[in-house]
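Below you'll find the structure, written out as structure tokens, and then a few comments.
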There are 2 protein chains.
Amino acid sequence: MKMIELIRKKRGGGELTRDEILFFVNGYTAGALPDYQVSALLMAVYFNGMTDAETAHLTGAMLHSGDIVDLRDISAYKVDKHSTGGVGDKISLVLAPVAAACGLALPMISGRGLGHTGGTLDKLESIPGFDVNLGLDHFKRIIKEIGFSMIGQTSEIAPADKKLYALRDVTATVESIPLICGSIMSKKLAEGIDGLVLDVKVGSGAFMKDIDSAKRLASSLVSIAMRMGKSCFAFLTDMSEPLGSYVGNAIEVIESIEILKGRIDDRQTELTVTLAGKMLELSGACDFDTGKERARRTLTDGSALEKFRQLVRLHGGDDKCIDDYDRLPQAEHRHEVKADRDGFVSKIDTMRVGLSAIALGAGRTALTDEIDHATGIKVVKKVADAVKMGDTLGVLYYNDKERRGDAAHMLETAYTIGTEQPARQKLFLD
Amino acid sequence: MKMIELIRKKRGGGELTRDEILFFVNGYTAGALPDYQVSALLMAVYFNGMTDAETAHLTGAMLHSGDIVDLRDISAYKVDKHSTGGVGDKISLVLAPVAAACGLALPMISGRGLGHTGGTLDKLESIPGFDVNLGLDHFKRIIKEIGFSMIGQTSEIAPADKKLYALRDVTATVESIPLICGSIMSKKLAEGIDGLVLDVKVGSGAFMKDIDSAKRLASSLVSIAMRMGKSCFAFLTDMSEPLGSYVGNAIEVIESIEILKGRIDDRQTELTVTLAGKMLELSGACDFDTGKERARRTLTDGSALEKFRQLVRLHGGDDKCIDDYDRLPQAEHRHEVKADRDGFVSKIDTMRVGLSAIALGAGRTALTDEIDHATGIKVVKKVADAVKMGDTLGVLYYNDKERRGDAAHMLETAYTIGTEQPARQKLFLD
């Protein structure tokens, strides 16, 4: 088999066979194929796409390039959630303890924030001592003990994806649905799960800006999961404004704990309960509505909070911060961004909110950037809220004074204030 | 400037600026940009094309990556021909002495054969002693003395093209009109010419199989030449059957000498005279028809033959072979491929004829392959010829008996014999 023939075939719109896909994925992972041929193939895939069969073969090849976590000795239904990433999306931190409290097992291998979207690992690391870099054996022990654990990518998981993603990142071939699907699904399936619930975000703060491309991504992801023999369900949810009120790391952890304490009942609660309900339905434990009720109960009876406390402790974190938020990183300064006119928030450019958080140090533009966990944004006004001139739209929490100006400008310009009150977007779009 | 932004721009269908094109061409030539980013950009160009302005900038950037031959002290009009490559196309060997005999200067820097198409340098090298690897100073001295010289690429000429071509060759990005144009024109313009005549081949033995794509290529080439301030004219000519009767190296040299001796008057003569006539017209020496007459006269009065003799001598070649063909490499064996039915030659898959010649050793599939200059094919029957069962369609000349079978099969299957006599394709298509 010759790599150039594969490139030529894909360039001409042909369908690669399973063997051809294995050849290039394994060849590249083993260092037997040069970067320049693989990047040419990836660009041809960008233009000509992949069929569902090709995408499933790609996923399989990347999945089997590394280890699959062996969870056979855990009898509970093993399930995970994947979100395509948003701003203020802290759902994993709440959903995992909720679902674990309902008796499910969640082997969560998560990512870091990149660009305007945050990452679960960064949020967890704002808890003093919390270690996300556990080996797979340690990870399994924790899941066995409390039903879930949350760690970062290990070198054993889908090494082909790691190598291909690094190449895509520098060759402008990230934004390709089959490549995105293969990357997501190979890592998720490597967790050894039985089922998967997807939260595909749509809107100004999401990777998918319109509902049609989000639907294509969702249906492709579900199709791959099915082909690989897994149960899967996808929700399309709104990301036309930040989720919840906080965007950052420590401040999102606080907001998550507040939800776990049952003190917040908003869209975040609704989304958590819905995803957990669907997980319980996929597991066969009960129907969707009963699942949602069971999930909601864990937020009022303290069982989800207790799961979270156990997680923090087992990962070496300071669990006292759950009751004393002052033990989490605190930003030195705060700055309020004010409305310059009366009216209604007609829309929020959510990506700009994410970029404002990056400007403060809460996110990163390159994977090597350091994060300042204390910083972030409180989103005070949401879409459709009435505002008067001088009202606070949002609050910046920051340490470095030089970073304030850019961040304030970006948050200010993220808001559009109009004279008519718009309808608020529904949370569940499809 | 960031390379990934250039890739993203071209991927999205944008137009690269002159500065952006200079950035990537110079960066790549200097080794400052990685192969994998350049190949991704080339694939994006394959899909989204380039405007005429972009193609001209690309040509300019590649041209100026190296030296331009300085022929200012030669007062004659400096002109060259470029053919997009065909089977049995030995026109350069005849045209250059004809045009030089008419008083034009031809600084021909030629290529080698690759794939089914032959190359001028390989043909010349079948003349014992003929050296095509002269330095540019030596090249200029010969042009000054006899009006023309024919050498191979030197490292000073368009090094950017050399590097980019090598990358395109292994990433399936050769077949892109703007990239082809840039490659051709940067090398031709580096010859220091005033004008250029193009012979764009169309048909089963050509790179362009249909007239529309050939027209696009021709018009793009002419447009670049114009933008670079050069006179240029393109002919579209038929390559639905081999040109002339011989395909190989030494045997094509013999056929060329026969034309120079005025002993052959066929399509090859017609094409030579037409191209030379157009060169004379571009030079302003005379009109097209007068130019053709002057060119034709050099084939009957011996002046073109004399120019060729001088060329061979000045390049260190054995000029006695012009009168004694036995001094050229001779193949040991011959094999006749016969018709298996009565009828008419309805078409010839000319690429297969070229591949048959490769199978005998007359061509190469990789630039590192060795050539056997003695081998080749005599094409006896052409399109529209009547054949009887048992008639010889073609003759294979070969040395290695193991190569005969494949070559014979390929030549046999190149012929389609039907019951109706087809019209013969015109030589000049547009």
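Since we're looking at a predicted model, the values are computed, not measured. Below, read A as the first sequence line, B as the second, and so on, with proteins coming before strands; counting in each chain starts at 1.
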Legend entry - B:Ala40 versus A:Ser39, closest heavy-atom pair with distance: N-OG, 4.0 Å
Inset, instruction - Please list, in residue-number order, every residue in residues 162-173 of chain B that has a heavy atom less than 4.5 Å from any heavy atom of chain A; write 'none' if there are none. - result: B:Leu167, B:Asp169, B:Val170, B:Thr171, B:Ala172, B:Thr173
Inset, instruction - Could you have a look at A:Met3, A:Arg8, A:Glu175 and say which one has the most heavy-atom pairs with chain B under 4.5 angstrom? - result: A:Glu175
Inset, instruction - Quick one: closest heavy-atom pair of B:Arg11 and A:Phe47, and the distance? - result: O-CZ, 3.6 Å
Legend entry - Enclosure of B:Lys209 NZ (heavy-atom neighbours >12, cutoff 6.0 Å): yes
